[in-house]
Amino acid sequence: MKLLCMTEVDFIPKEYQNHLEQGKVSWQSPSNIALVKYWGKYGEQLPKNASISFTLSNCHTNTTLGFEPKSSEGFEFAVFLDGKLAPNFAPKIQTFFERIERYMPFLKEYSFTIETSNSFPHSSGIASSASGMSALALCLMSVERMLCSSRSQEGGMSEAYFLQKATFLARLGSGSACRSIEGPVVVWGVHNEIDGSDDLFGTKFPFDLHNNFKNYQDTVLLVDQGEKQISSTVGHDLMYDHPYSESRFLQAEKNLSNLIPVLKEGNLAKFIEIVENEALSLHAMMLTSNPYFILMKPNTLEIINRIWKYRRETGSSVCFTLDAGANVHVLYPENEKETVLAYIKNELFAFCQDGQYICDQIGLGAKML
Ligand code: PMV
């Protein structure tokens, strides 16, 4: 059940009923891969066009949030990545806390320890910010749930409110993170053919997904695992004065309109057309911004060309998509798992950095640990 017509004000809690002593909460949150891309924002992390993604399963972040009451002023937190203090994450968390304080007034009353680890390489182009920020948002919601007693105003916090506020908060951490709370398919941003879609948070695709997409596979070929030269924040900002931005936003809206019946009816040929068009359009925006930049690498193009050749020669339904990076997400139906994986091992493997790739598939969303 989803709560309808929520506005920002609805996420500001009334008085908390409880006071907590020290404690810990843990969540595992997945990454997601966009089929129709979000690239360009307005206001406070709001999308210029609606996007839609597959929630992943194996690419995830585990986060444990420890909390302890404190009396000092300001935010207090320490971040650990894989057990090691990670002070380079502090500015991002500080910004996140500042953005969400209005909706989580308890933040300054506790000192936090954030222990996080990813199942995939950090900054590999796999959205670690999506899984990381959604996991942290969920941990904070678990704390807020404990602060609201079961005898509170509306009889405790409903599951629907919990999830909706978690995706709302995650969005304020990193836009696409709001699509990492639930699964298997999530829409973010207002689209007039998707009831309940909203710029403020992600919502589950409200139609039944065709069986062709059941356990849909995503093998992520790691072409370049270095830090990106251009962050997605800079990339989004370059859409403000971009000569093609308005037509790009219209194109995304149309691609999402066309994808709705495809996901309902299972037309894989159309799926391929839309998904690859979106990936290349996203990178076309990067090639034509001012300043321009290229995130694809020679091996990205080599893999794309080989996927096209393989498809021509075998009639396979394999296709690719890209995020804001050089890695290639190879998407294909479960019934092609054996053949496509064999092809990847025989042919595409050679173009991955250190022969690395990650086998993943569509997933159902975050889990409390
Ligand atoms: O959530 P951000 O700000 O990292 O932006 C993500 C942008 C893309 O991954 C390129 C597209 C998307 O919709 O996920």
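We count ligands from 1, going down the list as the structure has it; atoms in each ligand are counted the same way.
- Within the structure, every pair that satisfies the ring pair (Phe, Tyr, Trp, His ring centres under 6.0 Å) test and touches residues 341-369, not counting sequence neighbours, is listed here: Y310-Y343.
- Residue contacts with ligand 1: K41 is excluded, as none of its non-hydrogen atoms falls under 4.0 Å.
- The shortest N or O to N or O distance between Y38 and ligand 1 is under 3.5 Å.
- Looking at ligand 1, you'll find an N or O of S232 within less than 3.5 Å of one of its N or O atoms.
- Taking every heavy atom of L282 and a limit of under 4.0 angstrom, the matching atoms of ligand 1 come to 10 (C).
- Per-residue contacts place G175 under 4.0 angstrom from the following atoms of ligand 1 (heavy atoms of the residue considered): 1 (O).
- In terms of polar-atom proximity, defined here as any N/O pair under 3.5 Å, W39 makes no such contact with ligand 1.
- Interface atoms of ligand 1 facing S174, defined by a heavy-atom separation under 4.0 Å, are 1 (O), 2 (P), 4 (O).
- Close contacts of ligand 1 with S176, meaning ligand atoms under 4.0 Å from a residue heavy atom, involve 1 (O), 2 (P), 6 (C), 14 (O).
- Residue contact check: A324 has heavy atoms under 4.0 Å from atoms 10 (C) of ligand 1.
- The aromatic rings of Y110 and F106 sit perpendicular to each other, their planes meeting at more than 60°, with 30° as the lower class boundary.
- Residue contacts with ligand 1: H236 is placed with a nitrogen or oxygen under 3.5 Å of a nitrogen or oxygen of the ligand (distance criterion only).
- Contact atoms of ligand 1 toward A34: 12 (C), 13 (O), 14 (O) (distance under 4.0 Å to a heavy atom of the residue).
- Not counting sequence neighbours, the partners of L46 by the side chain to side chain contact (heavy atoms under 4.5 Å, CB included) test are Y42, R171, D199, L200.
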